[in-house]
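Working notes, beginning with the structure itself.
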Amino acid sequence: MKRVAYFLFLASSLFLSSLNFMTAQTIKTKIGVISDLHYTHPSLIVEKGAALENYLSNDRKLLVESEAILKETVANLLEENVNIVLIPGDLTKDGEKVSHRGVAHLLKPLREKGIKILVIPGNHDINNPEAVRFHGDSTQQVETISDEEFAEIYTDYGYGNTISRDKHSLSYVSEPVDGLRILCLDACKYDQNTFVSLEDSHDECITGGALKPETVEWLRTEMQVARILGKQVLGMIHHNVIEHFAYQSVFATPYLVDDFTKVQQYFMEYGLNIIFTGHFHSSDIARVSNPYGQSLHEIETGSIVTYPCPYRIIDINGENMAIETKYIEHIDYPLPEGMDFQTYAAQQIERGFNEMLRGFIHEYYPTFHAYVPRWARSFVTIPHAEELTDIVMSHLSPSALNMLLAHYRGNENLLDRTSINKQELLQNLDDLIDDLAEATTGKMSALTKSVVHKLPIIKKVKASAISIWENVATPESVAANEYTGGKSQEQLAINDLKLQLRFSVPSEYESHYTHIHIQSKRQEHYAPQLSENKKN
């Protein structure tokens, strides 16, 4: 009897697959992607003053202008005649309930035009102790929201019309148009945030993210169902799952989902080959593949409140996808006379970068001496904070800032001065090391320079800078060798701003991995391992 039931299930599945496969080839739709809105409700700025100025001077985001930017973005999406809008997280500045309700209100014109809007939370959006209002020289905490309230507020923006909901996170599946499913994944760690008001030792909002083992199993099931029904599938998650430059996992760890290489394998194995992300505020596209011919493209979209304030337009025609990047060019907000919006946005990055660098040095200056080896403390003298700041700023401020602006915009390798900018930054790094050695070790500076230049961490810093300017996410083994040898497919520069891709119904499920429990940090995760019959 069981065999008969299984045969009927298999036959019906194949029949449904054949019908839906034919449908999938004719899908035609247009998707808008906007990310990291960081909307700041005007009521949070009770009175401008030192508190707000200090916050903005160390930040890259246009928070005061966020309402005007979001309104302009909505207007642009309406003009584009999109059918679907994807928003991969960080809808609010810091999870304020009033800001969330404001986002839902400002997105309403899209919904009223019949556009399907799908959202997921980012690390700023839920249970956030940094939800405050600014009142002159001080701040006061305001009400944040829970994960249940997030789903309630965004009932009309994905959570009220799901195909499936994960019981262990805010992940869900939606089918906004027939034949196309969107896998909306929540990897945020809002349940680990801490509050002094709840007798925790400090306020902290966790930046990093992780997919729970139960969510991975739910994802696996949903991809199997999509394959059986012949549905095309796109994914959306806040955190990066692919490194977008060499050693991102070293220098920008919280921007990658935990165990990101395993997550890549899950996605490829299950048939998910295109995923949209945000979080880093840059517009970049990265690709990985495995030995079995499976690949994954991650389309990372920059923040609308951070230069150059981009949004993506995705045209889907059957199995063909065309990705185009556009920008907010003007907003209904008083700018300095004669200044266009893009220049204004870039200046905020410059201001925020310089102040952030200064603030970092001054904040951590008292701890720097602890990093000097005991054997060297007798002859190492760390300069005063202001002198140290001047040394660092004089070498890094122009060249590192240029790299940051280029990375936020994308296609760094196509800029007119790419090669010059890259060499200037590398030379400035060498000069910084030399000047710091002379300022800290005096007569021992020659030996110090020789040692420091050869340190593995310095080589990684340089490899990371090179990979950004060359627009390649180089594997560590090649980056450590300073790009000797040929480039793999993952190393070839991808057009970050305009790209043609093909995607189709997830291929026949064929597992190249077995799932075993391993200990990973604080909890167990499922890890892909080569099956016995694949090891050789």
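These numbers come from the heavy atoms of this one structure, side chains and all, not from hydrogens, waters or symmetry mates.
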State whether the side chain of [X] and the backbone N or O of [Y] hold a donor-acceptor pair below 3.5 Å, judged by distance alone.
{"X": "Asp90", "Y": "His124", "result": "yes"}
{"X": "Asn273", "Y": "Ser295", "result": "no"}
{"X": "Gln248", "Y": "His244", "result": "yes"}
{"X": "Thr325", "Y": "Leu497", "result": "yes"}
{"X": "His238", "Y": "Pro88", "result": "yes"}
{"X": "Asp203", "Y": "Val196", "result": "yes"}
{"X": "Thr301", "Y": "Val33", "result": "no"}
{"X": "Ser138", "Y": "His135", "result": "yes"}
{"X": "Lys212", "Y": "His168", "result": "yes"}

Quiz prompt | Geometric cation-pi criterion Arg409 and Tyr327, 6.0 Å radius, 45° cone | solution = yes
Quiz item: Within 45 degrees of the axis of the six-membered ring of Tyr55 and under 6.0 Å from its centre: does Lys93 put its NZ or CZ there?
Solution: yes
Taking all atoms of both residues into account, what is the closest heavy-atom pair of [X] and [Y], and its distance?
{"X": "Gln264", "Y": "Val241", "answer": "NE2-O, 2.8 Å"}
{"X": "Ile126", "Y": "Ile145", "answer": "CG2-O, 3.5 Å"}
{"X": "Asp186", "Y": "Cys188", "answer": "OD1-N, 3.1 Å"}

So with a 6.0 Å cut-off around [atom1] of [X], is the heavy-atom count from everything else above 12?
{"X": "His202", "atom1": "NE2", "answer": "yes"}
{"X": "Lys97", "atom1": "NZ", "answer": "yes"}
{"X": "Asn161", "atom1": "CG", "answer": "no"}
{"X": "Glu199", "atom1": "CD", "answer": "no"}
{"X": "Asp332", "atom1": "CG", "answer": "no"}

Side chains of [Y] and [X]: any donor to acceptor distance under 3.5 Å?
{"X": "Asp191", "Y": "Asn127", "answer": "no"}
{"X": "Glu204", "Y": "Asn193", "answer": "no"}
{"X": "Ser282", "Y": "Glu300", "answer": "yes"}
{"X": "Tyr39", "Y": "Glu67", "answer": "yes"}
{"X": "Glu65", "Y": "Tyr344", "answer": "yes"}
{"X": "His279", "Y": "Asn123", "answer": "yes"}
{"X": "Asp94", "Y": "Asn128", "answer": "yes"}
{"X": "Ser169", "Y": "Trp218", "answer": "no"}
{"X": "His330", "Y": "Asp340", "answer": "no"}
{"X": "Tyr408", "Y": "Arg60", "answer": "yes"}
{"X": "Glu217", "Y": "Thr215", "answer": "no"}
{"X": "Asn354", "Y": "Ser397", "answer": "yes"}
{"X": "Thr29", "Y": "Asn83", "answer": "yes"}
{"X": "Gln500", "Y": "Asn320", "answer": "no"}

Quiz item: Could you go step by step and tell me if Leu256 and Glu243 meet the side-chain contact (heavy atoms from CB on, under 4.5 Å) rule?
Solution: CA-CA 7 Å; Leu256 284 155; Glu243 288 187 302; 3.8 Å; yes
Tell me if the centroids of the rings in [X] and [Y] come within less than 6.0 Å of each other.
{"X": "His281", "Y": "His38", "answer": "yes"}
{"X": "Phe280", "Y": "Tyr255", "answer": "yes"}
{"X": "Phe150", "Y": "His100", "answer": "yes"}

Just wondering, do [Y] and [X] contact through their side chains at under 4.5 Å, heavy atoms?
{"X": "Glu96", "Y": "His41", "value": "no"}
{"X": "Ile242", "Y": "Leu296", "value": "yes"}
{"X": "Asp258", "Y": "His239", "value": "no"}
{"X": "Thr92", "Y": "Leu37", "value": "no"}
{"X": "Leu415", "Y": "Trp469", "value": "yes"}
{"X": "Lys498", "Y": "Ile323", "value": "no"}
{"X": "Ile285", "Y": "Asn495", "value": "no"}
{"X": "Val305", "Y": "Asp36", "value": "no"}

Self-check item: side-chain contact (heavy atoms from CB on, under 4.5 Å) between Glu149 and Thr144, intermediate numbers included
Solution: CA-CA 10 Å; Glu149 290 174 308; Thr144 184; over 6 Å; no
Answer yes when [X] and [Y] have at least one side-chain N-carboxylate O distance shorter than 4.0 Å, and no when they do not.
{"X": "Glu324", "Y": "Arg312", "answer": "no"}
{"X": "Glu175", "Y": "Lys231", "answer": "yes"}
{"X": "Arg351", "Y": "Glu53", "answer": "yes"}

Practice problem: Evaluate the criterion salt bridge (charged side-chain N to carboxylate O under 4.0 Å, His left out) for residue pair Glu80 and Lys326; output intermediate values, then yes/no. | Solution: CA-CA 11 Å; Glu80 292 283 351; Lys326 299 189 177 184; 2.6 Å; yes
Exercise. Check the angle between the aromatic planes of Tyr159 and Tyr172 and answer parallel, tilted or perpendicular using the 30° and 60° thresholds.
Key: tilted
Exercise. Before giving the answer on side-chain contact (heavy atoms from CB on, under 4.5 Å), spell out for Met236 and Thr277 the whole-Å C-alpha distance, their side-chain angles and the decisive distance to 0.1 Å.
Key: CA-CA 6 Å; Met236 174 171 68; Thr277 68; over 6 Å; no
Quiz item: How many angstroms lie between atom CD of Glu72 and atom CD1 of Ile331, to the nearest 0.5 angstrom?
Solution: 8.5 Å
Quiz prompt | Atom pair CZ/OG of Arg133 and Ser99 - distance to nearest 0.5 Å | solution = 12.0 Å
Quiz prompt | Verdict with supporting geometry, Phe503 and His297, ring pair (Phe, Tyr, Trp, His ring centres under 6.0 Å) | solution = CA-CA 10 Å; Phe503 84 113; His297 278 88; over 10 Å; no
